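Here the structure comes first, spelled out in structure tokens, and everything after it is commentary.
Treat the numbers as computed from the prediction; the structure is a model and nothing was measured.
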Amino acid sequence: MLAVLVAAAAPVKLEKPKRGVIPSSEQRRVERAGRDAGLAQACNVEWKSFHEAFMKKEKRKRWTRRQLKHIDKVFAYGQAKSSGGIKSCDTSQRFKIVLKLRRRMLDLKG
């Protein structure tokens, strides 16, 4: 017998993270990285390793726990914001996103 479970969850509220926890320039940088991950997510391109590498590099910097938590929220906000409006991606869009994430991964390692 096959059973289907439907969750009655409330819609996710997209709240912009507070400013002032990290400098504005850093907030924009983190949000931009999240947007790239959101595009990848919307186009079914693997993005989790990029997020892990991004956060690993941020942890090596002199951020407090509160700031690191905030950075993760800003990344998720950027990701949700960019992936929300995309319904489908063609092959060339996927290819561009893969190349962009690979370049960003190389920058994170350098």
Worksheet item: Any ion pair linking K57 and E52 (charged N to carboxylate O, less than 4.0 Å)?
Response: no
Fill in: Test item: side-chain donor near acceptor, E46 and S49, under 3.5 Å
yes
Item to complete: Kindly indicate whether the side chain of R35, heavy atoms from C-beta on, has any atom under 4.5 Å from the side chain of Q79.
Response: no
Worksheet, complete the sentence: In short, W63 meets I22 closest at the heavy-atom pair CZ3-CG2, 3.6 Å
Response to the item:
On a heavy-atom basis, the closest approach of S83 and G38 is CB-O, 3.2 Å
Fill in: Contact check, side chains of F95 and L99, non-hydrogen atoms, under 4.5 Å
yes
Item to complete: May I have all residue pairs that pass salt bridge (charged side-chain N to carboxylate O under 4.0 Å, His left out) and include part of residues 36-45, sequence neighbours excluded?
Response: D36-K100, D36-R104
Fill in: Side-chain donor/acceptor of R94 to backbone N/O of N44, under 3.5 Å
no
Fill in: SB check E31 R28 (cutoff 4.0 Å)
no
Worksheet item: What is the ring orientation for W47 with H51, classed by angle as parallel under 30°, tilted 30 to 60°, or perpendicular over 60°?
Response: perpendicular
Worksheet item: Which heavy-atom pair separates V30 from F75 by the least distance, and what is that distance?
Response: CG1-N, 3.6 Å
Discussion item. Using modelled atom types and a 3.5 Å cut-off, is there a donor and acceptor pairing between side-chain atoms of Q67 and backbone atoms of K69?
Written reply: no
Discussion item. Tell me the closest heavy-atom pair linking A33 and F50, and the distance in Å.
Written reply: O-CE2, 3.4 Å
Discussion item. As an exercise, state the distance from CD1 of I71 to NZ of K59, rounded to the nearest 0.5 Å.
Written reply: 10.5 Å
